[in-house]
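One-based numbering, in listed order, for ligands and for the atoms of each. We count residues from 1, following the sequence as given. When reading the values below, keep in mind they use all heavy atoms of this one structure, side chains included, and skip hydrogens, waters and symmetry mates.
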Amino acid sequence: MSKQPIQSGAGASTPALLGGEPAFDQPINVTRALAPEPSQLQERLASIHASRWYTNDGPLARELEQRLVEALGVGFCAAFCNGTSALQAALRHLDLSGEVITTPFTFPATVHAIEWNGLTPVFCDIDPESWNLDPARAAERVTSATSAIVPVHVFGNPCDVGALGALAEARELRLVYDAAHAFGARLEGRSLAGYGDLSVLSFHATKLFHTAEGGAVTGEDASHYRPLHLLRNFGIAGEDLVQGVGLNGKMSELHAALGLSLLEAAFEEITARARLAAVYDGLLGSVPGLRFQRFPETAEKNHAYYAIRVEAEAFGLSRDEVHHALRAENIVTRRYFFPLCSENESYRALPSARPEGLPEAHRLADEVLCLPLYGELGEAAVARCAKTLLGLREAAPQLRRALARHGDA
Ligand code: T4K
């Protein structure tokens, strides 16, 4: 994959933007979807072929739900065709009204799901250490119109579930966790898929565990399953009975087949990524100008992402300069989540979207960078990514001039 053997000294080679050889001869993406053992998938596809049963609550979708209940240790799991429709259905099911407090530091789907339900998103600033919704600031945003809070376990880092739970209880608000990044992550031994009234997972191909497209609503209270099932099935309760306004949010048998064939591998992937994250930590952990998300001590990480903050002054290059310089090395990083959702045309007129109310989120969105992390990448390639980044730091002044000439960052 890489052109030359890994060099031992950080920054031993000239950055590609300054005329050196790129660190990799092929692009290394931020992630690479987990692939199933072909025979496992083929067997399940053959069963679909034999039965001709492709969707509508099929046996494989049901089996996947059951396997996820067991693997995550939750009370129920309702599978959906993607995480966004699972979020939409979860919010609809709770019969919310008025305002919903959420974070601007998330993927647009979180906020869109609120808006699609005819609710008003209220942006609230994040905690600068965890990068998650700040419960104290959330408390200040509660009004008589607030009906729910939708925090996000950003990059699989548990939210302050104690404080958010207490706030929701005290103000009689619903609590729906966007747990799109949180498959396999645990807090105090408990899966993040079991917190709040409901939690929502994404099984998109970019996620650690995936079904190509897919998602689920999970939680402890299994009485939620039936209404969520109705919501994902047009509200159809029987041959001649439509109960309410549903959507088509069903997971197909093909997607479930993929998920069933990847479930064990996803847990092995967490172990593989932990080893790779340790390589990054060892090389980058104490570099001036780089900072990291703080996880609670009782968290078991899923290593869904490897995110850093680049502090321009101390590092010598801004996040965007690093992003562009790494791209020239064929290291494709992602600026999740830049720009903030509150900057989106559809939301920026909201009073809560004003940048002065969201200083921590803005700072983070300008500094965050997700580095490549997936099991197949291997330790040598991860070390090369990290050392290439360190090499950029050493050549920062020259790189800055070169980037300014290109007008790139
Ligand atoms: N809430 C949160 C907090 C979320 O982050 C998301 C989704 C949702 C809700 C909604 O869940 P879903 O409705 O999507 O289930 C990706 C994903 O499309 C999106 O699911 C995800 N969050 C978001 C953080 O990232 P992009 O635009 O970055 O994906 P893309 O196509 O650039 O892919 C990134 C890298 O992944 C590629 O460079 C290579 C690799 N890849 C990608 C695909 C599509 C593969 O290896 N195989 C693939 O099939 O959005």
(request) Is it possible for you to check whether R319 lies under 6.0 Å from the centre of the six-membered ring of F338, through NZ or CZ, and within 45° of that ring's axis? (result) yes

(message) Tell me the protein heavy atom at minimum distance from atom 35 (C) of ligand 1, and give that distance in Å.
(response) T31 CG2, 3.9 Å

(message) Looking at A113, is its backbone amide N or carbonyl O close enough to the side chain of N117 to form a donor-acceptor pair, meaning the two atoms are under 3.5 Å apart?
(response) yes

(message) Show me the pairs that pass salt bridge (Lys or Arg N to Asp or Glu O under 4.0 Å) and involve residues 37-53, at least two apart or across chains.
(response) none

(request) May I ask you to list the atoms of ligand 1 that are less than 4.0 angstrom from any heavy atom of K207? (result) 7 (C), 19 (C), 20 (O), 21 (C), 22 (N)

(message) Using a 4.0 Å cut-off to any heavy atom of R334, which atoms of ligand 1 qualify?
(response) 26 (P), 27 (O), 28 (O), 30 (P), 32 (O), 34 (C)

(request) Using the ring of Y195 (Phe, Tyr or Trp, six-membered ring only), decide whether R190 places NZ or CZ under 6.0 Å from its centre and within 45 degrees of its axis. (result) yes

(message) Suppose I only count heavy atoms of A109 and a 4.0 Å limit; which atoms of ligand 1 are within that range?
(response) 8 (C), 9 (C), 10 (C)

(request) Could you pull out the closest heavy-atom pair between C124 and A138, with the gap in Å? (result) SG-N, 3.3 Å

(message) Under a 4.0 angstrom heavy-atom cut-off, which atoms of ligand 1 come close to T106?
(response) 3 (C)

(request) Please could you name the atoms of ligand 1 that A205 approaches to less than 4.0 Å, counting only its heavy atoms? (result) 48 (C), 49 (O)

(message) Taking the ring centre of each residue, are H181 and F337 less than 6.0 Å apart?
(response) yes

(message) Quick check on contacts: which atoms of ligand 1 are under 4.0 angstrom from a heavy atom of A33?
(response) 45 (C), 46 (O), 47 (N)

(message) Suppose I only count heavy atoms of R32 and a 4.0 Å limit; which atoms of ligand 1 are within that range?
(response) 46 (O)

